[in-house]
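Chain A is the first sequence line, chain B the second, and so forth, proteins listed ahead of strands; every chain is numbered from 1. Just so you know, these numbers use all the heavy atoms, side chains as well, and skip hydrogens, waters and symmetry mates. All values derive from a computational prediction rather than experimental measurement.
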Amino acid sequence: MAHVGDLPCDGDGMCMLCKEKPPEEERLLCRTCVTPWHVACLTVKPETLASAADWECPDCSAPPPTADAGIPAAAAVGVTAASAGSSGELIAAIRAIEADATLSEAEKARRRQRLLGGDGGAEGEVRTRGCEGESDCASFRCSICIEILDRPVTTPCGHNFCLKCFEKWIKQGGHSCAKCRAPIPSKMKSQPRINLAIVAAVRMARAKSTPSGADPSKVYHFVHNQNRPDKAYTTERAKRAGKANAASGKIFVTIAPDHFGPILAENDPIRNQGVLVGESWEDRLECRQWGAHLPHVAGIAGQSGYGAQSVALSGGYEDDEDHGEWFLYTGSGGRDLSGNKRTNKEQSFDQKFEKLNEALRISCKKGYPVRVVRSHKEKRSSYAPEGGVRYDGIYRIEKCWRKAGTQGFKVCRYLFVRCDNEPAPWTSETHGDRPRPLPVIKELKGATDVSERKETPAWDFDENENVWKWTKPSPLSRKPALVHNVDDNTMTVLRRSYKKSARQRIPREFSCLICQKLMTQPLTTSCAHNFCKACLEGVFVGQSFVRERTRGGRTLRTQKNIMNCPTCQFDITEFLKNPQINRDLMSCIEQLQQQLKDAEEEEGSIEDKSNDAADEKLKDETDNVEADDADAADEKMKNETDNVEAGDADASDEKLKDGTDNVEAGDAEEDGNTVEAEDTVKQGDDTINNPSNGPPKTRKYKRKVPVEQKGTRRSKRIKITREGEEQGDNSPSSPLHVLSDNDDFE
DNA sequence: GGGCCCGCAGGG
DNA sequence: CCCTGCGGGCCC
């Protein structure tokens, strides 16, 4: 080679040729291996700025890419590198990146690439190949370019690279894995194949990291009470005007009633801005109409077995303790509501983790975002609004427990900590929350039934993007919704099933080509087919790599026993001698299994809600999970270090599989249709986009039955005599629209 | 300000 | 269908 005599700088920055330490301007970093070289000592120096920007050291490039017109960045470099002025400046800039101790290696690589003209400095390329969810995608980076894997190929040693990077590596004379130096078979060198399982994994990680956790082109709309008046109104049944007994007006936002997290612009067809932190409303009914907190009376919105979406701080429970960015919330119940009461200051029995309290506990366990509204009725808090009800943003429940309340009976307690991208209404900061250490809670001493989150939270802070966001897909609504089909501008009513979707999220590519189940300890052959380790080894069990031959008492030369890939008959004999688990793929599958398990847990009936049973259940679940994980990890280690012996691997594999079996990837038959279109209507007749449209057409909310027959059970329990109010009219002062038979609502 | 009342909404 | 529920208005 032309550059045989070239040598880089050593670890101290000393040029290994001239034995001098070159000044910064004279050092050039290889774009591939980032090794510094002394420019003056290079036999072939980069001639232009662009080539300096894209320079590869003699070790990494066959012919120096000086005149390589094929570099895609030719134009882009003009923007970034040229703006750097001279190669000296460029190199200085690169060095600055290298020297920045605050950057991770991955971030350094990304910045280097950006500077070196990979994408002209625009976020575009980095974002398209980069991944929003760093944590999700971290394991899917190419070891050569440090970018998210593009057209991934897998070496027999179980390492994944971009096809382009791999080819380049081979072209430069690489004979061994760029990561672990294990030899690469010639067949793979000449014809690397894309590993579709990795493709699926990367796609999934990307989809997961989009804010909605779903296909962003599809926004799910839930239309609720759309035919109602804009304002709360008094039904015929109600005897009195005024909001005390009024029915809610229409819901202006299109979130599902069990929607978690902030209400975004996409679900705010009226204003197209979503519900912003600090917005406030006259009262709970108005607050409800904007979706921040739906229940009219209850403080907790949620479903046991699913989670809680929002809470209201209104001073209803004296044990509450508000510190703004964090607060202690008290569960519901424990009160005697007989006598037709809706609330009662007096506790008269213990609260339990059931119903809404259990819903909160699930949000805690999962790390779901919980919307918080504060009402002016919370008099003891400095953070309560002057009047009305205010949306204060997203909080997470970090812990929950039970303890004796001030009235002596046990209450459920929740530690809420703010985690919103917008600053709280009371803070002078201009930015949202950063993760903060948990406050020390004195009352935790002596608390019982303590639970805290064991798993990674579904809503979490992304250090790279500096935002709180979904790090797992947000829970799918259990309610039917409308989906806006962008293509034909129709709205389709969808019914989505949580369980189905969880299953359906498993790409077919993740199933073993032998057992058809979700792979355990996946192996990727040189022909890019994926199998469970145990399955593939099972195919060749009892076979040896060589055949002893004898003829007439003479021992002949042993013959190689050819073993072919079960799917394509490719010769994988060499691969089988030392098959390595594709660990990136495995961790992805493991994550997926956990999610699926969680989803199915939630789907599974949680009928038995006696407090103790629930406690036990939760405890058991978390314990088991931990135990399983530990086992799996142990087994993993063992199997990877062991030299492969088919029979011996079986036992441990069996164990692994047991924990996770019956998960059939791509099992679309049984319940594969995750979405059932029930009805499609043309959008445009104001169903969604115009909330203040013409007269409502349904009479659902019209009560025609005489009041006397409609007493609730609670009303029956006590005698309610209000004869004097028979003519209870609508006082002119009441802003409420009162429906009567004359009203044009039919 | 405190007590009482009761229609609504939603969970189960 | 029954039960629950950190509302809101009005009366005292």
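Without hydrogens or angle criteria, A:Q407 side chain to A:Q347 main chain gives a donor-acceptor distance under 3.5 Å.
Paired regions of DNA chain B, where each region holds three or more successive Watson-Crick or G-U pairs whose two hydrogen-bonding distances fall under 3.5 Å, are B:1-6 with C:7-12, B:8-12 with C:1-5.
A:H296 is linked by a ring-ring contact (aromatic ring centres under 6.0 Å, His included) to nothing, counting only residues two or more places apart in sequence or in another chain. In this structure, the side chain to side chain donor-acceptor pair (under 3.5 Å) partners of A:Q309, at least two apart in sequence or on a different chain, are A:Q303. Every side-chain contact (heavy atoms from CB on, under 4.5 Å) that A:L276 has, sequence neighbours left out, goes to A:Q273, A:E279.
When the P atom of B:dG10 is taken as reference, atom OH of A:Y306 falls 15 Å away, rounded to whole Å. If you measure from atom CD of A:Q303 to atom P of C:dG5, you get 15 Å, rounded to the nearest angstrom. In this structure, A:N344 atom CG and B:dC5 atom C1' are separated by 14 Å, rounded to whole Å. Note: NZ (A:K239) to P (C:dG9) measures 19 Å, nearest angstrom. Spacing between atom CD of A:Q347 and atom P of C:dG5 amounts to 10 Å, rounded to whole angstrom units. Atom NZ of A:K352 is separated from atom P of C:dT4 by 13 Å (rounded to the nearest Å). Between A:N225 atom CG and B:dA9 atom C1' there is a gap of 9 Å when expressed in whole angstrom units. Rounded to a whole Å, the NZ atom of A:K355 is 9 Å from the P atom of B:dG12.
Contact between the side-chain N/O atoms of A:H293 and the OP1/OP2 oxygens of B:dA9 is not found at any separation under 4.0 Å. Distances shown here put every side-chain N or O of A:R288 at or beyond 4.0 Å from the OP1 or OP2 atom of B:dC8.
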Tabulate protein N/O versus nucleotide N/O from nucleotides 6-8 of chain C, keeping only pairs under 3.5 Å, one per line.
{"residue": "C:dC6", "atom": "OP1", "partner": "A:G299", "partner atom": "N", "Å": "3.1"}
{"residue": "C:dC6", "atom": "OP2", "partner": "A:Y317", "partner atom": "OH", "Å": "2.9"}
{"residue": "C:dC6", "atom": "O2", "partner": "A:S314", "partner atom": "N", "Å": "2.8"}
{"residue": "C:dC6", "atom": "O2", "partner": "A:G315", "partner atom": "N", "Å": "2.7"}
{"residue": "C:dC6", "atom": "O2", "partner": "A:G316", "partner atom": "N", "Å": "2.3"}
{"residue": "C:dC6", "atom": "N3", "partner": "A:D320", "partner atom": "OD2", "Å": "3.0"}
{"residue": "C:dC6", "atom": "N4", "partner": "A:D320", "partner atom": "OD1", "Å": "3.3"}
{"residue": "C:dC6", "atom": "N4", "partner": "A:D320", "partner atom": "OD2", "Å": "2.9"}
{"residue": "C:dC6", "atom": "N4", "partner": "A:T330", "partner atom": "O", "Å": "3.2"}
{"residue": "C:dG7", "atom": "OP1", "partner": "A:R284", "partner atom": "NH1", "Å": "2.3"}
{"residue": "C:dG7", "atom": "OP1", "partner": "A:S314", "partner atom": "OG", "Å": "2.8"}
{"residue": "C:dG7", "atom": "OP2", "partner": "A:K377", "partner atom": "NZ", "Å": "3.0"}
{"residue": "C:dG7", "atom": "O5'", "partner": "A:R284", "partner atom": "NH1", "Å": "2.9"}
{"residue": "C:dG7", "atom": "O5'", "partner": "A:V297", "partner atom": "O", "Å": "3.2"}
{"residue": "C:dG7", "atom": "N2", "partner": "A:A244", "partner atom": "O", "Å": "3.2"}
{"residue": "C:dG8", "atom": "OP1", "partner": "A:R284", "partner atom": "N", "Å": "2.5"}

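Legend: salt bridge (charged side-chain N to carboxylate O under 4.0 Å, His left out) pairs involving residues 281-305 of chain A, not counting sequence neighbours, sorted by first then second residue: A:K243-A:D283, A:K243-A:E286. Applying the ring-ring contact (aromatic ring centres under 6.0 Å, His included) test to residues at least two apart or on different chains, the pairs with a partner in residues 373-393 of chain A are A:Y383-A:W426. Screening residues 303-327 of chain A for salt bridge (charged side-chain N to carboxylate O under 4.0 Å, His left out), with sequence neighbours left out, gives A:D322-A:R374. Among pairs with a residue in residues 409-422 of chain A, those fulfilling salt bridge (charged side-chain N to carboxylate O under 4.0 Å, His left out) read A:R413-A:E443, A:R418-A:D433, at least two apart in sequence or across chains.
Because its NZ or CZ atom is not both nearer than 6.0 Å to the ring centre of A:F252 and within 45° of the ring axis, A:R271 does not count as a cation-pi partner of that residue.
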